[in-house]
Amino acid sequence: MRFVFRLLGFPIFFLVLAFLLSSGADRFAESVMLSGISPMLNYAGLASVAISLLCLAYNAWRMSQAWRGVGELCYSCGMPTSYHPNGKYGPYFKCWNCGTNRADR
């Protein structure tokens, strides 16, 4: 479950943000004082969709790298890992799926 959340968490968040910005833009368009903000919120919604697509593309690229065996993979489950340069005992890799850590030595 953690792996699915890690893969789809940010894209879903940005899609929900795009929906909220678009619905907020419609509400602001009705107001005389805030009608100038409405076009900016529509563009912010489009930017949020673009960020969501970029997050999905990056995650798909990382998964394709893992399936081909390229890059740092977890030693226990074989899924991709993320690099954390500022750990307590130095830099380390953390697995996206199982959460195990491996020191970068």
Remaining members of hydrophobic cluster (4.5 Å side-chain criterion), Leu73:
none
For Tyr89, is the OH atom crowded, meaning more than 12 foreign heavy atoms sit under 6.0 Å from it?
no
Give the other cluster members for Val49, using side-chain heavy-atom distances under 4.5 Å between Ile, Leu, Val, Met, Phe, Trp and Tyr residues; answer none if it is isolated.
Leu15, Leu53
Quick one: which residue pairs count as a salt bridge (Lys or Arg N to Asp or Glu O under 4.0 Å) with a foot in residues 76-98, not counting sequence neighbours?
none
Measuring from Thr81:OG1 to Tyr75:OH, what's the distance to the nearest 0.5 Å?
11.0 Å
Leu56 and Leu8, any side-chain heavy atoms less than 4.5 Å apart:
yes
Under 3.5 Å: donor-acceptor pair, side chain of Ser48, backbone of Phe14:
yes
Which atom pair, heavy atoms only, marks the closest approach of Cys55 to Phe10?
SG-CB, 4.1 Å
Taking side chain to side chain donor-acceptor pair (under 3.5 Å) as the definition, give me every residue that meets it alongside Ser82, ordered by chain and number, with sequence neighbours left out.
His84
Is Val4 reachable from Ile12 through a run of I, L, V, M, F, W or Y residues, each pair having side-chain heavy atoms under 4.5 Å apart?
yes
Heavy-atom check, side chain of Cys95 versus side chain of Ser76, under 4.5 Å
no
Side-chain heavy atoms under 4.5 angstrom apart, residues restricted to Ile, Leu, Val, Met, Phe, Trp, Tyr: same cluster for Met40 and Tyr43?
no
Under the side chain to side chain contact (heavy atoms under 4.5 Å, CB included) rule, collect the residues that match up with Leu7, sequence neighbours excluded.
Phe3, Asn59, Met63, Trp96
Summary of salt bridge (Lys or Arg N to Asp or Glu O under 4.0 Å) pairs that have at least one residue in residues 71-84, sequence neighbours excluded
Glu72-Arg102
